[in-house]
Number of protein chains: 2
Amino acid sequence: MSEQQAESLRERKKRRTRQSIIDVAHALFHDNDYDTTTVEAIAAGAEVSVRTFFRYFANKEEVALAPLDEMGELTLAALRRRPADEPPLTALRAAALDAWTIMSPDGESLRHYTDHLLPIGRASALAGAVQNRIVALADRFALEFVEGDDAGSPQPRTDLHASLAAFAFLAAVQVAVRAWCASDSNDPADLVATALICLDSLVVERNSAHRA
Amino acid sequence: MSEQQAESLRERKKRRTRQSIIDVAHALFHDNDYDTTTVEAIAAGAEVSVRTFFRYFANKEEVALAPLDEMGELTLAALRRRPADEPPLTALRAAALDAWTIMSPDGESLRHYTDHLLPIGRASALAGAVQNRIVALADRFALEFVEGDDAGSPQPRTDLHASLAAFAFLAAVQVAVRAWCASDSNDPADLVATALICLDSLVVERNSAHRA
DNA sequence: GAATATATGGCACGAACTGCCACATGGCAA
DNA sequence: TTGCCATGTGGCAGTTCGTGCCATATATTC
């Protein structure tokens, strides 16, 4: 709980600048669009030069997806807290619940993230970047299930299973988020409920629905 | 077999120009990189102006992923040929097999596509665009399972299941492609085999592997 | 062959980045 | 305080992708 006791002036300033850029950017994204807001405008709003903006964020997408990244980190941290003998999908499902529900019993902290979901989902120019983050996150999830297994020897079979679980998990979450964005509701609880439906039906899918 | 009997001079020319752009582009991507080859160079190679290039392809990604799109169309067509009462994942698995194996018994036509997979997979700048295509394709797959069900009324539950199956399927394929790209093999048959492993373990995943 | 439709090329322009260099600011020691 | 060094910042020129506009060339139709 008492982490950054000694934080130099420099670092404090950088953190404030970074946060300022994020805030200004998302405010502008909210007012206008992702596409129509220029980096120049963001930089101006945060009172830094364009050049400095690009020192804090490699590109415009990165500042837009900063909240998403935080969400991913939170889920990853929750996954690491799960017992080591849980099967992948079970662990991922539980970790997601931990990150979404238990970590924000009041629902406010969760809403802080879900508020960003719609603007991100609507910006079609961001879709590719979002998918990139998902893939990267899936790889990190998968790594949790294989590392330490047998001292570094490559295990294609285990790798496949781990990756598959991670990708399938994120696919389910993605489907849920999209359905939630498309629905009228903006209640985070509905998102969690939809996600659980998707996660659970991931396994029993085989002998259910038929084609039209 | 006898389709475009009457194709105007104009259309023939356009098709040739388009194909020429694709060929030149992929040759350049192969020699250099995706990132380092400029649109200007592609246009010059295809003997068109840059402006004309952008009339044929909305952006540089599109010409790079043209083969991938064709592959998607082929799989979608195969899916439509499946019996209507198959469960989604079963139908998708079978459609993929049809598209990959039966449609190219000699293995050559399949290789024609797999040859493009590695360059695409290596170009990190393309990753986002690839993911976009996958999502778009998943949506079209999902549509096959819901449309006509009950005359247009929105059925969130069915939609969820259909989307989920489509996304999970493509996640499995993706994992297989990535594993195949990372492996030494460049034999299309290995890719198909890996994909089948992934698809099959998609369902029985729950009670198998444990975490490290 | 004339009228019309469409494809093409060239140009100017905007926006995202990047490399380079000069300058300012914070940290640290004597 | 003074001075030195590391690092953060701004400005500018330049590259690349991508678009709108208009003039011109090529195909199609009558």
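Just the heavy atoms: all of them, side chains too, but no hydrogens, waters or symmetry mates, feed the values below. All chains are named by letter (A, B, ...) in the order of the sequence lines, taking the proteins before the strands, and each is independently numbered beginning at 1. In this text the structure is predicted, and so the values were computed from the model without any measurement.
The 12-atom threshold is not exceeded at CG of Asp184(A), counting heavy atoms of other residues, nucleotides or ligands nearer than 6.0 Å.
Contacts of Val50(A) with the nucleic acid, taken as non-hydrogen atoms under 4.0 Å apart, are absent.
Here the rule is side chain to side chain donor-acceptor pair (under 3.5 Å) with Asp98(B), and of Arg82(B), Arg93(B), Arg81(B) only Arg82(B) fits it.
Between Glu40(B) atom CD and dG9(C) atom C1' the separation is 14 Å, expressed in whole Å. In this structure, the NZ atom of Lys14(A) is 21 Å from the P atom of dA24(C), given to the nearest Å. In this structure, Arg15(B) places its CZ atom 19 Å from C1' of dT6(C), rounding to the nearest Å. Put simply, CZ on Phe54(A) is 9 Å from C1' on dA15(C), counting in whole angstrom units. For Asn59(A) and dT18(C), the CG to P distance is 8 Å, given to the nearest whole Å. When the P atom of dA7(C) is taken as reference, atom CD1 of Ile21(B) falls 13 Å away, rounded to whole Å. Taking atom CG on Asn32(A) and atom P on dA15(C), their separation rounds to 13 Å, with Å as the unit. At whole-Å resolution of the value, CG in Asp35(A) and P in dG18(D) are 13 Å apart.
Two residues, Ser49(A) and Thr37(B), neighbour DNA chain D, and the one matched to the more 5' nucleotide by heavy-atom proximity is Ser49(A).
A sub-4.0 Å separation between OP1 or OP2 of dT9(D) and a side-chain N or O of Tyr56(A) is present. In this model, the phosphate group of dG10(D) is approached by a side-chain N or O of Thr52(A) to a distance below 4.0 Å at OP1 or OP2. Dashed line: the shortest gap from a side-chain N or O of Ser8(A) to OP1 or OP2 of dG26(C) is not under 4.0 Å. Regarding contacts with the backbone of dT26(D), every side-chain N or O of Lys13(B) stays at 4.0 angstrom or more from both OP1 and OP2.
Distances were taken from every side-chain heavy atom of Thr38(B) (C-beta onward) to each of dG10(C), dC17(D), dG18(D); the shortest belongs to dC17(D).
Between the side chain of Arg10(B) and the base of dA5(C), a donor-acceptor pair under 3.5 Å is found. Applying the 3.5 Å distance criterion, the base of dG10(D) shares a donor-acceptor pair with the side chain of Arg55(A). The base of dA27(D) is not paired with the side chain of Arg12(B) by any donor and acceptor separated by under 3.5 Å. The base of dG8(D) has none of its N or O atoms less than 3.5 Å from a complementary donor or acceptor on the side chain of Arg51(A).
Met71(B) is listed as a side-chain neighbour of Leu110(B), based on a closest heavy-atom distance under 4.5 Å.
The backbone N or O of Thr75(A) sits nowhere less than 3.5 Å from a side-chain atom of Trp100(A) that would complete a donor-acceptor pair. No donor-acceptor pair under 3.5 Å is formed between the side chain of Ser163(B) and the backbone N or O of Leu160(B).
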